[in-house]
Participant: 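Structure provided below as C-alpha cells; questions to follow.
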Amino acid sequence: MIKLFNFIAIAEGFSYVALLANMVFIKPTNLILYKSLLFPIGMSHGLLFISYLYLSFFMKNKLNWNIKDLLIVILGSLVPFGAFYIEKKYLKNA
C-alpha cells in the first residue's frame, strides 16, 4: 500500500506540473494544441488527485500520522511540487 501511495504521489506531482506547463507555455502560443491536451492531462490529474486524497486517509492509520501530518500531506497535493516534498519527507522513511 505504501508503494502504491508513493507511486500515486509522484504521478500526481508530474500530472500537476504537466497541467501547469500546458497552461503556461502552450496556451499562449498554440490554442488548438492546448485544448486538445487539456482533457487528457486534466482527467488524469483529476483521477490521480482523488486517488492521492483517498489513499492519504488510509496511510494516516498505517503510518500513524497525526492530524497535523495528514493536513500537511493533503496540502502538499494542492501546491505545485508539493507532492514531491511529501514523497521525500513522509514516504521515503516508511
Side-chain angles (χ1 to χ4, degrees):
M1 191 71 140
I2 295 172
K3 288 183 181 183
L4 176 64
F5 186 63
N6 192 10
F7 174 76
I8 294 292
I10 292 171
E12 193 270 337
F14 278 121
S15 70
Y16 195 11
V17 170
L19 193 61
L20 289 175
N22 185 35
M23 186 173 52
V24 171
F25 299 117
I26 296 175
K27 185 178 180 182
T29 60
N30 191 345
L31 194 59
I32 295 169
L33 179 61
Y34 163 76
K35 288 182 181 180
S36 66
L37 291 176
L38 184 62
F39 181 77
I41 295 173
M43 181 62 74
S44 63
H45 173 68
L47 291 172
L48 289 167
F49 177 73
I50 291 170
S51 301
Y52 180 90
L53 292 179
Y54 187 71
L55 286 172
S56 66
F57 285 101
F58 282 116
M59 290 289 102
K60 178 190 180 298
N61 295 331
K62 190 164 188 82
L63 297 176
N64 296 322
W65 290 339
N66 56 23
I67 295 295
K68 179 185 169 193
D69 291 336
L70 178 64
L71 289 175
I72 290 171
V73 169
I74 290 172
L75 288 174
S77 68
L78 300 175
V79 178
F81 302 104
F84 302 119
Y85 170 77
I86 297 302
E87 189 272 330
K88 183 173 182 163
K89 180 163 170 90
Y90 288 93
L91 299 176
K92 280 292 184 187
N93 298 330

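Because the structure is predicted, anything quoted here is derived from the model rather than measured.
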Participant: Is there a donor-acceptor pair under 3.5 Å between the side chain of Tyr34 and the backbone N or O of Thr29?
Facilitator: no
Participant: Give me the atom names and distance for the closest heavy-atom approach of Ser77 to Phe49.
Facilitator: OG-CE1, 3.3 Å
Participant: As an exercise, state the distance from CG of Leu20 to NE2 of His45, rounded to the nearest 0.5 Å.
Facilitator: 8.0 Å
Participant: Compare every heavy atom of Val73 with every heavy atom of Phe5, then report the nearest pair and how far apart it is.
Facilitator: CZ-CG1, 4.1 Å
Participant: Run Met59 and Ile2 through side chain to side chain contact (heavy atoms under 4.5 Å, CB included) and show every step you take.
Facilitator: CA-CA 7 Å; Met59 290 289 102; Ile2 295 172; 4.0 Å; yes
Participant: Quick one: closest heavy-atom pair of Ala11 and Leu48, and the distance?
Facilitator: O-CD1, 3.6 Å
Participant: Any chain of hydrophobic side-chain contacts (each under 4.5 Å) joining Leu75 to Leu53?
Facilitator: yes
Participant: Shortest non-hydrogen contact from Ala83 to Glu12?
Facilitator: CB-OE1, 3.5 Å
Participant: Hey, do the aromatic rings of Phe84 and Phe14 have their centres closer than 6.0 Å?
Facilitator: yes
Participant: What heavy-atom pair brings Tyr16 and Leu78 nearest, and what distance separates the two atoms?
Facilitator: OH-O, 3.2 Å
Participant: For Leu70 and Phe57, work out which heavy atoms get closest and say how close.
Facilitator: CD2-CE2, 3.7 Å
Participant: Within a reach of under 6.0 Å around CG of Leu31, are more than 12 heavy atoms found that belong to other residues, nucleotides or ligands?
Facilitator: yes
Participant: So how far is it from Phe58 CZ to Leu63 CG, rounded to the nearest 0.5 Å?
Facilitator: 13.5 Å
Participant: Under 6.0 Å from the NZ atom of Lys60, do we count more than 12 heavy atoms belonging to anything else shown?
Facilitator: yes
